[in-house]
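Here the structure is a predicted model, which is why all the values come from computation and not from measurement. A note on names: the letters A, B, ... follow the listed sequences, proteins ahead of strands, and every chain is numbered from 1. Computed from heavy atoms alone, side chains included, the values below leave out hydrogens, waters and symmetry copies.
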There are 2 protein chains.
Amino acid sequence: MNALKVETKEKIIEVAHEVFLEKGLQGARMQEIADKAGINKALLHYYFRSKESLFDAVFEKVIEEVIPEFSKKLQPSSKLEEVIRSFVEFYNNFFQENPQFPQFFFHEIWQNPDKLATFIKGQKNIKPDDIVNNIKKRLPPFYESDYLPQHMISNVMGMCLFPHIARPLFQRIFFGNDEEKYDHFLSERTDFLLTMLAGIELENKDQITDEPEEDF
Amino acid sequence: MNALKVETKEKIIEVAHEVFLEKGLQGARMQEIADKAGINKALLHYYFRSKESLFDAVFEKVIEEVIPEFSKKLQPSSKLEEVIRSFVEFYNNFFQENPQFPQFFFHEIWQNPDKLATFIKGQKNIKPDDIVNNIKKRLPPFYESDYLPQHMISNVMGMCLFPHIARPLFQRIFFGNDEEKYDHFLSERTDFLLTMLAGIELENKDQITDEPEEDF
DNA sequence: AAAATAATTAACCAAATGGTTAAATTATTT
DNA sequence: AAATAATTTAACCATTTGGTTAATTATTTT
């Protein structure tokens, strides 16, 4: 009558994912995870030796799902415009489906930077140097050539991230805490960002012939 | 009167501030705070009934220090350019001096949105409607007029915030975990943002005719 | 200086929490 | 069907942790 090994384990990871995302590593309670998974706390430790190891399993799974999707968008082959477009689309989409993710992610990154950074760097799909170089070659003129390409990454990521990570406050202060209005704001935003970014690029289009060489 | 009392209490708040910022409400330990303040745990509870009340005291103090500074930058009287300039300068400055603040802030905002949002909304210096209206009136043309002014706020805040909140990861991935390089990146960024934002605005300046053009 | 009040401590306490043990139940293999 | 292995549970356990008590030491007040 009872669930098979695999099913139970997956149920645990699934529900642990929820709880960890909501409460963080410290805030999460093993009892709550066990309860929500409909099992005994001892069984939880049967499948995962410790809270940490459960957390690792959850985190690994999340990252392993996100990173490939993420890095697909950053192929050096594609044009910068394309990269930005698909990046913005994906990022906004993902956050809308996983609202607490940013908060959780950055919290844990600060609590345990080395562990998580090492883990993420371990993902072979991501090649930071390639990304930076790809951007460097294609920077639109208004990104002053003396500045680091990392500024552009920060810009795009920051603009995508902010309304999601700041939601609880931002929604209350600027949207009268109206969920629907905020959701509308968020869906509108992908469009807005792409329009805006394209607009800025287009204004300088005449100067770009192919791949402007800039030295940094 | 009780010179000691004040000193102890302030010492507690000071050290609690550190610990809470680093570990968050859940992660912080009363014992650690007591130790670092060089006092007994019982004395900690003598001054602050509970962990929560200590946390509140710390949070209130932080907010009360930041908000006025913050809202000063958002006076509806000043020009949008000025607002952005001083906002970016202040924001970047503050984060450089309080690196863990963003992470801490957003974590707590998500853990207890109502409490903190209510508290922040209680600060009478901040009038969201005024801010939005002020921005609405002065939006540069490339911010499509159909879009909400909140987009612009998200843009500026997001671009300021990102490299700070993402630092542990970003530094490791894109800067070979070199503290100095990252610090340089951060100090360069204020300049970069102002240059970039000014540049974008200037390109549409013909319709506004206000400030002399700078050369980029 | 004595009484009263405030600040501080050592020793406890109860609840919560991550984790364990050993037995029981269920599945699988022989 | 018996033996073996995997899964699940109830009852515990040790530690941690926020919080308390009651006594002690300053500090003010009278």
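Taking atom NZ on A:K9 and atom C1' on D:dA6, their separation rounds to 13 Å, with Å as the unit. To the nearest angstrom, P of D:dT9 lies 6 Å from CG of A:L43. Summarising the geometry, the separation between NZ on A:K11 and P on D:dT7 is reported as 19 Å, rounded to the nearest angstrom. The CD atom of B:E7 sits 16 Å away from the P atom of D:dA26 (whole-angstrom rounding).
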Distances under 3.5 Å only, N/O to N/O: pair up the protein atoms with those of nucleotides 18-20 of chain C.
from: C:dG18; atom 1: OP1; to: A:A28; atom 2: O; distance (Å): 3.4
from: C:dG18; atom 1: OP1; to: A:R29; atom 2: NH1; distance (Å): 3.2
from: C:dG18; atom 1: OP1; to: A:K51; atom 2: NZ; distance (Å): 3.1
from: C:dG18; atom 1: OP2; to: A:M30; atom 2: N; distance (Å): 3.1
from: C:dG18; atom 1: N7; to: A:K41; atom 2: NZ; distance (Å): 2.8
from: C:dG19; atom 1: OP2; to: A:H45; atom 2: NE2; distance (Å): 3.2
from: C:dG19; atom 1: OP2; to: A:K51; atom 2: N; distance (Å): 2.8
from: C:dG19; atom 1: N7; to: A:K41; atom 2: NZ; distance (Å): 3.3
from: C:dG19; atom 1: O6; to: A:K41; atom 2: NZ; distance (Å): 3.1

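Legend: side-chain hydrogen bond (donor to acceptor under 3.5 Å, both in side chains) pairs involving residues 50-63 of chain A, not counting sequence neighbours, sorted by first then second residue: A:D56-A:K115.
Residue B:T8 places at least one side-chain N or O under 4.0 Å from the OP1 or OP2 atom of C:dT8. At the phosphate of D:dT7, OP1 or OP2 sits under 4.0 Å from a side-chain N or O atom of A:Y46.
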Could you summarise the pairing of DNA chain C as dot-bracket text, marking Watson-Crick and G-U pairs under 3.5 Å with ( ) or [ ] inside the strand and | across strands? ||||||||||||||||||||||||||||||
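Not counting sequence neighbours, the partners of A:E179 by the side-chain contact (heavy atoms from CB on, under 4.5 Å) test are A:R167, A:Q171. A:N92 meets the side chain to side chain donor-acceptor pair (under 3.5 Å) test with A:T190; sequence neighbours excluded.
At least one cation-pi condition fails for A:K181 and A:F174: the charged atom is not both under 6.0 angstrom from the six-membered ring centre and inside a 45 degree cone around its axis.
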Which atom pairs, one a donor and one an acceptor, fall under 3.5 Å between side chains of residues 96-105 of chain A and the rest of the protein, sequence neighbours left out?
from: A:N98; atom 1: ND2; to: A:F94; atom 2: O; distance (Å): 2.9
from: A:Q103; atom 1: NE2; to: B:H107; atom 2: ND1; distance (Å): 2.7

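Ion pair B:E7/B:K11 not flagged as a salt bridge, since none of the NZ, NE, NH1 or NH2 atoms sits closer than 4.0 Å to an Asp/Glu carboxylate oxygen.
The backbone N or O of B:F59 lies less than 3.5 Å from no partner atom in the side chain of B:E64, so there is not a single donor-acceptor pair.
Residues B:F170 and B:F162 place their aromatic rings such that the two centres sit under 6.0 Å apart.
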